[in-house]
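Along the sequence shown, the residues carry numbers beginning at 1. What you see is a predicted model; the values in this text were computed from it and never measured.
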Amino acid sequence: GKNFLNALFNTSKKTSGNTISFSLTPYIALFTTMPDENGSNYEEPTSSEYARVLLTNTGAYGKQMIGVATTEDGTGKNEGKKVAKVTNQDLITFPEARSVGFGEIVGFGIFETATTGVGTCMLWSKLGSYSDDTDEFIEETVNIAANEIPIFRIGDFEIMSYGNKS
């Protein structure tokens, strides 16, 4: 979990003697339609103002957008499991939807290319929040209208990987 997340986001390629590396540069995309189980057949906003965002950049406050993965013990229904997670340490800011909105955003995906509509999605999720205690994911959507800027505020973008206790 932890080594995989660090390698995926290029935050640390060597942890505790284990080396994992990917030859990719991760970009985040927003979805108006979620991909299928193969990471294909997704839809992104069609506005010419929309663009994917490079996640290895330094953000608005001068910090790396994605932090180094941490590991903690699971709680609630995940007690006895290890949870690896990464969160954003700086704002993840998409271009402003100036003249036309981006529509209803239902999820996000991680790609290795900046080109909208191209590539296989390597990792994806619906927007929402997860409760360790109830083991439930509550789906959410957000409508991006004209003159709005999609932003993941610091700590709001979180990817978790659950595994066996080690």
Side-chain angles (χ1 to χ4, degrees), residues 1-32 34-35 39 42 44-45 49-76 78 81-97 102 105-116 119-133 135-144 148-163 165-166:
K2 182 172 141 180
N3 291 336
F4 172 79
L5 292 173
N6 282 330
L8 179 65
F9 294 107
N10 294 310
T11 52
S12 173
K13 291 188 178 173
K14 188 168 177 121
T15 307
S16 303
N18 296 320
T19 302
I20 300 174
S21 62
F22 295 129
S23 59
L24 64 90
T25 304
Y27 290 86
I28 185 170
L30 299 176
F31 291 135
T32 55
M34 293 300 294
Y42 55 84
E44 293 178 71
E49 297 159 346
Y50 167 79
R52 292 177 182 172
V53 174
L54 179 61
L55 287 176
T56 57
N57 277 352
T58 300
Y61 295 109
K63 294 182 179 180
Q64 182 78 17
M65 279 190 199
I66 301 296
V68 175
T70 60
T71 304
E72 58 190 45
D73 292 326
T75 60
N78 289 301
K81 294 181 181 179
K82 287 290 186 184
V83 180
K85 67 180 179 178
V86 293
T87 59
N88 61 315
Q89 305 299 300
D90 210 328
L91 298 175
I92 299 173
T93 307
F94 288 84
E96 181 179 1
F102 294 164
I105 305 302
V106 298
F108 70 90
I110 307 298
F111 290 82
E112 60 182 331
T113 179
T115 307
T116 301
T120 299
C121 186
M122 298 175 292
L123 180 123
W124 62 90
S125 178
K126 294 179 178 181
L127 294 181
S129 58
Y130 176 78
S131 168
D132 250 351
D133 294 328
D135 199 28
E136 292 180 320
F137 184 79
I138 296 123
E139 293 180 26
E140 300 171 12
T141 62
V142 62
N143 187 50
I144 305 299
E148 293 184 338
I149 302 171
I151 294 175
F152 285 99
R153 298 197 182 281
I154 296 170
D156 282 353
F157 178 79
E158 185 174 74
I159 296 176
M160 296 181 282
S161 172
Y162 292 86
K165 190 164 183 91
S166 54

Quiz item: Under a 4.5 Å cut-off applied to non-hydrogen side-chain atoms, are Val142 and Glu140 in contact?
Solution: no

Quiz item: Less than 4.5 Å apart, any side-chain heavy atom of Leu30 and any of Pro150?
Solution: yes

Quiz item: Would a 4.5 Å heavy-atom cut-off, applied to side chains only, mark Lys126 and Phe137 as touching?
Solution: yes

Self-check item: From OG1 (Thr71) to NZ (Lys85), nearest 0.5 Å
Solution: 10.5 Å

Practice problem: With Phe152 as reference, evaluate Ile28, Val53, Thr87 under the side-chain contact (heavy atoms from CB on, under 4.5 Å) test and give the passing residue. | Solution: Ile28

Quiz item: Is the closest side-chain heavy-atom distance between Thr141 and Ile105 below 4.5 Å?
Solution: no

Quiz item: If only atom types and distance count, is the side chain of Asn88 paired as donor or acceptor with the main-chain N or O of Gly155 below 3.5 Å?
Solution: yes

Quiz item: In Å, rounded to the nearest 0.5 Å, how long is the span from CD of Glu139 to OG of Ser125?
Solution: 8.5 Å

Quiz prompt | Gap separating the CD atom of Glu96 from the CD atom of Glu49, nearest 0.5 angstrom | solution = 7.5 Å

Quiz item: Would you call Thr32 and Val106 a side-chain contact if the rule is heavy atoms closer than 4.5 Å?
Solution: no

Quiz prompt | Note, Leu123 side chain near Ile159 side chain (heavy atom, < 4.5 Å) | solution = yes

Quiz item: Does any non-hydrogen side-chain atom of Tyr42 lie less than 4.5 Å from one of Met34?
Solution: no

Quiz prompt | Closest non-hydrogen atom pair between Gly109 and Cys121, with its separation | solution = CA-SG, 3.6 Å

Quiz item: Looking only at atom types and distance, does a side-chain atom of Arg52 sit under 3.5 Å from a main-chain N or O of Phe111, one as donor and one as acceptor?
Solution: no

Practice problem: Find the distance between CZ (Phe31) and CG (Leu127) and round it off to the nearest 0.5 Å. | Solution: 10.5 Å

Quiz item: Would you say Pro26 and Glu112 make side-chain contact, with heavy atoms under 4.5 Å?
Solution: no

Exercise. Sort out for me which residue in Tyr27, Phe94, Phe157 forms a ring-ring contact (aromatic ring centres under 6.0 Å, His included) with Phe108.
Key: Phe157

Quiz item: Can you find a side-chain donor-acceptor pair between Glu44 and Tyr50 that sits under 3.5 Å?
Solution: yes

Exercise. Write down the atom of Ala97, the atom of Ile144, and the distance for their closest heavy-atom approach.
Key: CB-CG2, 4.0 Å

Quiz item: Does Glu72 come within less than 4.0 Å of Lys82, counting only side-chain N to carboxylate O?
Solution: no

